[in-house]
Amino acid sequence: MRLSGKKILLGVTGSIAAYKSAELTRLLIKEGAEIQVVMTKSAHDFVTPLTLGTLSKKPVFTEFSTPASGTWNNHVELGLWADAMLIAPASANTIAKIAAGYCDNLLLATYLSAKCRVFIAPAMDLDMFAHPTTTQNITRILSFGNCILGPESGELASGLKGAGRMVEPESIVEYLIKALSPDKELQGKKVLVSAGPTREAIDPVRFISNHSSGKMGVALAEEMQWRGAEVTLVMGPSVKAPSNGAIKLIPVVSAADMHAACMKIYADSDIAIMAAAVADFTPGNPADSKMKKTGNNLQIDLIPTTDILASMGNLKKDSQFLVGFALETDNELQNAVSKLERKNLDMIVLNSMKDSGAGFNSDTNKITIIEKNNQTTTPYDLKSKQEVATDIVDHLISCLRKS
Ligand code: PMT
């Protein structure tokens with residue numbers, strides 16, 4: 001019973017795939033989960049509350065209150081109760097409402113109140129799924145940190161063939177098991193993650209920096225910790241902080257600070273993942289006091305910073321696994337492979353500023369992973385940074401198993 005003790009809110013919306021919710025409920029219960037089903041009214045046209053209530057062993061909720069028993073179906077309590085919320089199937093209509101922040105039924109109010117991870121399995125006809133509005137809505141709900149499962153391609157209820165089929169219940173359950181009760185594959189491993197930008201002082205009030213928010217590095221640190229690792233996060237000034245107190249956070253400001261902190265920790269680390277956007281240059285002679293306008297042009301002498309990742313690559317022991325990032329705008333693959341080799345890395349994660357929704361600051365990313373040995377390249381779809389972190393850690397673990 002791999003979901004034993006897990007409380008799952010199952011949201012069911014008006015799509016023909018709702019008939020699969022019965023099987024989904026049965027499988028979740030079989031794995032030991034406690035299920036509370038919340039249906040939209042239109043879902044009732046496709047599967048009955050009696051069916052889902054019988055299978056989940058609890059009355060199903062659709063309205064904000066149940067007049068017969070005089071009870072209020074408290075969406076805030078439901079949202080707080082759950083370890084995870086799964087909306088399967090999620091119709092184009094519900095996806096659009098989630099993207100826009102609508103709250104006109106119990107399922108949406110519960111979604112907005114939920115503090116847990118939310119998994120959404122879209123199901124609709126292929127042209128609805130391919131419509132630019134749906135594509136934009138899915139990108140938007142991904143950026144809220146939701147996890148999108150599928151849809152799959154195949155035969156649809158309309159008789160047409162294409163993308164839009166809800167992921168099969170068995171696959172959804174396997175995905176949830178992995179996400180909610182991960183194997184602690186990294187137990188006993190010490191991991192160093194770098195994140196965020198660095199700031200290079202020009203004078204006491206000005207600096208040179210970049211647009212990194214720290215989101216990618218924080219997601220990686222959280223995922224590594226979730227898989228059992230002891231994680232130290234060296235992070236430049238970022239908009240995002242780890243929510244997990246088990247991660248040891250070392251805040252730094254400049255490239256030199258980050259270099260010093262990383263080198264101290266690296267010697268004792270089994271794995272290092274460098275997601276920080278470190279400045280390549282720093283002012284050679286920062287002024288001690290605020291520089292004044294003179295009306296003339298200003299020349300600042302920039303000197304190269306130490307490449308932290310390359311220093312680590314030079315010192316790398318056989319037992320260590322070193323992962324770098326490459327943020328590119330041109331000749332992406334070629335540049336990433338060159339960094340992989342030059343910096344003696346085991347794996348590099350390429351993200352390109354040319355891909356919309358990828359790279360700096362966004363809540364999503366689109367990556368390609370390149371491995372050292374055979375330089376296999378694995379491209380991934382646009383996903384939330386949390387899911388990208390899961391893909392990177394899965395890939396890293398598969399490399400560790402091979403080595
Ligand atoms: O923080 P977010 O807003 O979530 O954005 C995430 C990200 C875009 C910053 C992240 O996904 C990313 O790509 N990080 C690396 C950015 C970068 O500086 O790439 P690069 O190609 O210039 O550097 C290559 C590698 O060398 C990186 O692992 C970098 O950390 C490292 N490096 C670079 C320069 C330097 N002086 N020392 C380094 O260690």
Side-chain angles (χ1 to χ4, degrees), residues 1-63 66 68-69 73 75 78-79 81-95 97-98 105-111 114 116-125 128-129 146-159 163-181:
M1 301 240 280
R2 294 171 295 166
L3 288 171
S4 207
K6 297 288 178 215
K7 300 187 188 92
I8 299 176
L9 275 169
L10 174 60
V12 182
T13 74
S15 154
I16 180 67
Y19 80 89
K20 294 185 184 172
S21 307
E23 179 65 359
L24 189 53
T25 307
R26 197 186 65 78
L27 291 173
L28 290 168
I29 292 280
K30 208 171 142 202
E31 290 291 353
E34 193 181 338
I35 305 295
Q36 176 60 62
V37 179
V38 181
M39 298 173 79
T40 61
K41 263 190 210 146
S42 50
H44 291 210
D45 293 338
F46 299 96
V47 60
T48 70
L50 182 63
T51 306
L52 298 186
T54 307
L55 290 168
S56 66
K57 305 180 176 67
K58 273 183 202 275
V60 166
F61 299 140
T62 294
E63 304 292 350
T66 312
S69 57
N73 303 323
H75 53 91
L78 285 173
W81 167 83
D83 296 310
M85 180 168 190
L86 166 65
I87 306 180
S91 64
N93 186 42
T94 291
I95 287 172
K97 286 180 171 181
I98 290 175
N105 63 39
L106 181 68
L107 190 151
L108 292 166
T110 307
Y111 164 79
C116 55
R117 293 174 81 180
V118 181
F119 303 84
I120 297 176
M124 63 200 76
D125 210 53
M128 295 168 78
F129 180 65
N146 297 310
C147 173
I148 307 291
L149 308 177
E152 289 177 344
S153 281
E155 195 163 334
L156 300 161
S158 61
R165 270 170 76 99
M166 186 175 95
V167 175
E168 290 303 324
E170 293 78 3
S171 307
I172 293 179
V173 172
E174 287 305 319
Y175 192 93
L176 281 188
I177 288 167
K178 198 154 156 266
L180 299 179
S181 312

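We number each residue from 1, following the sequence as shown.
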Starting at [atom1] of [X], measure out to [atom2] of [Y] and round the result to the nearest 0.5 Å.
X	Y	atom1	atom2	result
Arg26	Glu31	CZ	CD	10.5 Å
Ile98	Ile120	CD1	CD1	4.0 Å
Thr25	Lys58	OG1	NZ	13.0 Å
Lys7	Cys116	NZ	SG	11.0 Å
Ile87	Leu107	CD1	CG	5.0 Å
Leu24	Met166	CG	CE	5.5 Å

* To do: Verify side chain to side chain contact (heavy atoms under 4.5 Å, CB included) between Ser21 and Leu52, making sure each step is shown before the conclusion.
  => CA-CA 8 Å; Ser21 307; Leu52 298 186; 4.2 Å; yes

What is the minimum heavy-atom distance between [X] and [Y], and which atoms define it?
X	Y	answer
Asn73	Phe61	OD1-CE2, 3.3 Å
Pro122	Leu149	CD-O, 3.3 Å
Ile172	Ala121	CD1-CB, 4.0 Å
Pro151	Arg165	CB-O, 3.2 Å
Ala18	Val12	CB-CG1, 3.9 Å
Ala163	Leu156	O-CD1, 4.4 Å

* Asked: In terms of side-chain heavy atoms, does Thr40 have a donor or acceptor partner in Asn105 at a distance below 3.5 Å?
  -> no

Whether the side chain of [X] engages the backbone of [Y] through a donor-acceptor N/O pair (distance < 3.5 Å, no angle test) should be reported.
X	Y	result
Gln36	Gly11	no
Ser15	Met124	no
Thr110	Gly79	no

Test item: [X] and [Y] side chains (from C-beta on) under 4.5 Å apart, heavy atoms:
X	Y	value
Val38	Met85	no
Phe46	Ile16	yes
Glu34	Lys57	no

* Show the numbers, then the answer: is there a side chain to side chain contact (heavy atoms under 4.5 Å, CB included) between Lys6 and Leu176? => CA-CA 10 Å; Lys6 297 288 178 215; Leu176 281 188; over 6 Å; no

* Go through the steps for Glu174 and Arg2 under the test salt bridge (Lys or Arg N to Asp or Glu O under 4.0 Å), then give the verdict. => CA-CA 9 Å; Glu174 287 305 319; Arg2 294 171 295 166; 2.7 Å; yes

* **side chain to side chain contact (heavy atoms under 4.5 Å, CB included) assessment of Glu168 paired with Lys20** => CA-CA 8 Å; Glu168 290 303 324; Lys20 294 185 184 172; 3.1 Å; yes

* To do: Show the numbers, then the answer: is there a side chain to side chain contact (heavy atoms under 4.5 Å, CB included) between Val173 and Leu28?
  => CA-CA 7 Å; Val173 172; Leu28 290 168; 3.9 Å; yes

